[in-house]
There are 2 protein chains.
Amino acid sequence: MRTNSGPAEDLFIELDREAGVPLHRQIGASIRASIRAGRLRTGASLPPTRTLATGLGVSRGVVVEAYQQLVAEGYLASRSGGYTQVAASIPPAATAGSAPPTPARSAGFTVDFGYGRTDVSQFPRSTWLRSVRTVLTTTPNDRFAYLDGRGVPELHEALCDYLNRVRGTSAVPGNVVICNGFGQGISLLIQVLVQRGARRIALEDPSSDDDARVLAGAAGLDVVGIPVGPGGVQVDALQRADADAVVLTPSHQWPTGGVLSASARAEVIGWAQRRGAIVIEDDYDAEYRYDRSPVGAMQGLAPDHVVYCGTASKTLAPGLRLGWMVLPPHLVTDVAAAKVLADRGSPVIDQLTFADFLARGEFDRHLRRMRPVYRRRRDALLDALRTHLPELEPAGIAAGQHVVAWLPPDLDEAEVVTAAARHGLGIHGVGPYRIAGSGPGGLIFGYAILGESAIAEGVALLATAIREVRGA
Amino acid sequence: MRTNSGPAEDLFIELDREAGVPLHRQIGASIRASIRAGRLRTGASLPPTRTLATGLGVSRGVVVEAYQQLVAEGYLASRSGGYTQVAASIPPAATAGSAPPTPARSAGFTVDFGYGRTDVSQFPRSTWLRSVRTVLTTTPNDRFAYLDGRGVPELHEALCDYLNRVRGTSAVPGNVVICNGFGQGISLLIQVLVQRGARRIALEDPSSDDDARVLAGAAGLDVVGIPVGPGGVQVDALQRADADAVVLTPSHQWPTGGVLSASARAEVIGWAQRRGAIVIEDDYDAEYRYDRSPVGAMQGLAPDHVVYCGTASKTLAPGLRLGWMVLPPHLVTDVAAAKVLADRGSPVIDQLTFADFLARGEFDRHLRRMRPVYRRRRDALLDALRTHLPELEPAGIAAGQHVVAWLPPDLDEAEVVTAAARHGLGIHGVGPYRIAGSGPGGLIFGYAILGESAIAEGVALLATAIREVRGA
């Protein structure tokens with residue numbers, strides 16, 4: 001056992017080479033515990049990776065990986081000059097009495113493929129700060145007063161420029177309403193649809209259970225699931241569903257990853273036009289596309305019948321709570337009024353900052369920087385699946401921040417998920433996201449916040465779990 | 001008529017000395033129109049005040065007043081070196097299809113005593129920016145991910161320190177939920193109360209009609225008005241009301257300005273304890289107190305029965321959309337869950353920035369700086385009323401950002417409001433804010449964003465209008 005002879009030169013860490021726990025995890029856990037207990041205080045410098053590696057008798061890469069993980073978690077901060085120190089404020093332990101924030105679990109698993117997380121360690125802090133500075137320096141005073149429910153005009157304009165250019169929408173500033181993410185957007189839409197007499201809403205089956213389904217049920221709407229195939233939602237089933245609105249993820253169906261075909265899009269729009277129904281297009285991860293041609297937004301085909309919903313949660317950070325809707329003109333006033341009643345409009349500094357960020361081209365630059373990062377993680381996932389679990393069938397791999405892999409018929413999805421958890425692997429099955437339909441078992445791999453070695457480790461754990469299920 | 005010989009030396013402005021409109025208003029209107037029409041473009045320099053005054057044959061003070069007003073409105077910006085230029089982005093004309101943001105009207109009146117506005121030209125931009133910089137430099141990454149519905153722990157702690165010190169609350173961080181202003185807070189509370197079986201909510205009569213009344217009605221609650229006297233709400237009427245909750249403004253009743261007495265507070269709390277009812281304390285303008293002793297929050301007397309609601313809208317800027325609730329422990333989980341369902345939590349950068357701003361003492365400094373500003377405006381209002389309208393009876397003058405003045409019995413409130421509007425004066429009567437009760441006529445003077453000369457001008461306009469009503 002070694003003792004601590006000075007923070008910048010050495011660090012007391014006990015390694016157990018027989019424990020079966022990777023050394024970088026042991027190092028990370030030890031430093032994390034020291035920070036939590038106050039033994040390592042804010043601003044304290046850590047030893048250089050080479051020094052610590054030599055002291056512990058491990059390779060430098062092991063220490064680098066441990067430090068990187070702690071930087072990603074916010075415990076450590078990399079400073080210029082190449083040294084690492086304890087961050088100014090550390091992440092708290094889980095708080096009591098809190099509601100579950102998102103399906104993404106974290107604590108307790110060695111590797112967690114929980115979906116719906118974006119890599120917030122990549123949030124472009126310095127360029128965002130530059131835009132905040134511009135806003136606080138140049139914005140006229142009246143922008144800080146009460147505004148109407150639609151949001152600030154600067155952001156309406158910047159979003160239309162961006163969406164029309166990149167997503168092929170047909171958006172005009174007067175039809176945009178800013179909201180606090182997709183969850184609030186769908187809540188406002190459902191309120192307005194109910195006020196206008198809507199009685200039934202159609203959702204993709206399977207689909208996310210955390211927004212539309214809960215809110216529609218609470219608002220008294222019938223919810224009907226429309227089965228999803230490899231080409232997205234099955235339009236004939238939608239046409240039989242007697243629904244007043246449908247929520248779709250046409251660019252990358254969640255969770256199955258399918259793309260709604262051009263002919264299916266046309267049929268859905270024809271349905272909406274004949275019925276006077278509304279298509280709610282959740283374009284949740286369209287910005288991350290790796291090896292396929294861009295698929296334009298449905299809104300561009302029928303701006304009078306499609307509500308386009310986007311969010312910065314998957315591209316910048318969920319904590320911004322920034323979302324937007326491009327609405328058919330006849331819905332703008334009612335949705336804006338619902339927004340006023342909900343919270344009197346979204347905070348203006350964030351809106352103005354995002355408008356400046358978009359107008360400067362920083363959003364494009366950020367996405368260009370992030371695409372190869374996520375693509376490498378996706379490739380690591382597909383490589384590991386090919387190597388360890390070739391009988392799983394990945395789908396929807398061309399875009400987004402998650403992959404579904406279908407299980408062979410002999411494997412029970414719930415059994416695999418349970419066995420994986422026993423082995424320290426967090427992963428969701430597709431089954432819980434089905435509304436009425438049944439279908440093959442599948443697993444949802446969220447890979448956006450995992451390093452490539454963690455992804456490989458996670459798939460190896462899954463392979464062990466599946467061997468166990470098969471052996472049982 | 002003079003012509004424009006260069007923007008930094010001269011400016012084309014036509015003055016009509018016979019119009020009966022003050023010269024500084026004519027100058028302001030002319031420059032505003034030029035900017036709106038694009039004749040004066042962003043960044044264009046204006047002539048020095050002395051130069052323009054000489055050119056127009058007016059005193060320099062007249063031009064200074066015109067420029068100051070346009071800076072306050074955001075059309076112009078003062079630059080270092082003492083020159084003035086057209087601001088980088090100008091306030092838009094009213095947008096189509098927008099819901100009314102607030103009862104505060106503005107356009108069309110010479111002077112507008114609309115209430116509910118705070119002087120956003122005083123928003124502390126540079127100290128706020130410093131806090132944003134600190135946040136973006138030091139905050140751990142995981143703060144930018146999805147959070148629980150309560151908000152960031154840093155702000156819970158900073159608010160408890162502040163509220164317990166300044167407002168006499170008994171708040172602990174675990175019982176705080178951050179929301180987007182009072183409107184959203186009351187919306188979440190009403191949802192939770194209805195879920196728990198509440199059927200009737202009591203509101204002060206008169207009271208604000210824009211949040212609690214609309215939301216409670218929409219949620220299916222019976223709304224019952226409790227008459228308000230000079231000492232605040234009448235507790236015996238509350239005790240007969242069979243209500244499950246009551247919304248109070250005990251520190252400065254809106255709009256009548258009364259303070260709920262210590263004995264009435266104790267009776268209300270006793271009522272809540274016996275019935276298991278909830279007191280919702282809207283502490284909307286407690287920070288502005290001019291010549292009376294502080295009145296502590298009711299929440300400090302009974303933290304298990306009182307929900308304390310505060311907001312930055314009246315102290316910093318409505319555009320921040322920052323509010324907070326200190327909840328009885330048994331409501332925290334449900335209110336946080338309602339917040340998650342509404343919008344998955346408030347934006348984090350604003351929360352963290354306000355936490356830093358509070359912790360640095362900047363909020364205290366800002367309030368200390370603003371109190372004499374508002375006090376001078378209130379004094380100007382009271383002086384002008386004494387001079388021009390001694391028969392009106394001002395009430396609730398010791399605190400806040402508005403004053404009510406009761407009308408003598410021979411004057412009809414609605415007639416006075418209508419006549420005032422004909423004379424270019426915007427003012428609200430008390431009558432529209434009554435729920436069931438009747439009572440004396442009164443006028444609500446919001447003075448927070450008006451300069452002292454505008455206040456005097458407004459009261460003079462009102463005196464003219466009242467003479468007209470009496471003469472009719």
Side-chain angles (χ1 to χ4, degrees), chain A residues 72-74 87-92 95-99 101-102 104 117 120-121 123 125 128-129 132-133 136 138-150 153-154 174 180-181 183-184 187 214-215 317-321 332-333 336-337 340-350, chain B residues 72-74 87-92 95-99 101-102 104 117 120-121 123 125 128-129 132-133 136 138-150 153-154 174 180-181 183-184 187 214-215 317-321 332-333 336-337 340-350:
Chain A
E73 293 174 9
S89 71
I90 63 158
T95 47
S98 64
T102 163
R117 299 177 295 182
V120 290
S121 75
F123 182 75
R125 295 178 178 223
W128 191 262
L129 177 60
V132 176
R133 185 184 302 117
L136 285 172
T138 65
T139 301
N141 291 322
D142 64 354
R143 280 287 179 279
F144 297 98
Y146 286 106
L147 293 177
D148 70 47
R150 297 197 304 108
E154 291 87 340
N180 296 4
Q184 187 183 51
S187 166
V214 176
L215 291 159
L320 291 177
R321 309 308 312 126
V332 173
T333 303
V340 168
L341 203 60
D343 61 12
R344 297 184 170 246
S346 289
V348 295
I349 296 179
D350 296 330
Chain B
E73 294 174 9
S89 72
I90 64 157
T95 46
S98 64
T102 162
R117 299 177 296 183
V120 290
S121 75
F123 183 74
R125 296 179 178 220
W128 191 263
L129 177 60
V132 176
R133 185 183 302 116
L136 285 172
T138 64
T139 301
N141 291 322
D142 64 355
R143 279 288 178 281
F144 297 98
Y146 285 107
L147 293 177
D148 70 49
R150 297 197 305 107
E154 290 87 341
N180 296 4
Q184 188 183 51
S187 166
V214 177
L215 291 161
L320 291 178
R321 309 308 312 126
V332 174
T333 303
V340 168
L341 203 58
D343 61 11
R344 296 183 171 248
S346 289
V348 295
I349 296 179
D350 295 332

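Chain A is the first sequence line, chain B the second, and so forth, proteins listed ahead of strands; every chain is numbered from 1.
- Rounded to the nearest 0.5 Å, atoms CG (L147(B)) and CZ (R321(A)) are 9.0 Å apart.
- Annotation: side chain of F123(B) is in contact with side chain of I349(A) (closest heavy-atom distance under 4.5 Å).
- Between R344(A) and N180(B) the shortest side-chain heavy-atom distance does not fall below 4.5 Å.
- Here the shortest heavy-atom pairing between L215(B) and L341(A) reads CD2-CG, 3.7 Å.
- Taking G345(B), P347(B), A317(B), G181(B) one by one and counting their heavy-atom pairs under 4.5 Å with chain A, the maximum is reached by P347(B).
- Chain B forms the most heavy-atom pairs under 4.5 Å with one residue out of A342(A), S346(A), G183(A), and that residue is A342(A).
- Formation of a donor-acceptor pair under 3.5 Å by the R133(B) side chain with backbone atoms of R133(A) is not found in this model.
- Among the candidates D343(A), V348(A), L320(A), the residue making the largest number of heavy-atom pairs closer than 4.5 Å to chain B is D343(A).
- Contacts of F144(A) with chain B are made by both backbone and side-chain atoms, with heavy-atom separations under 4.5 Å.
- Looking only at distances, no side-chain donor or acceptor of R143(A) sits under 3.5 Å from a matching main-chain atom of G319(B).
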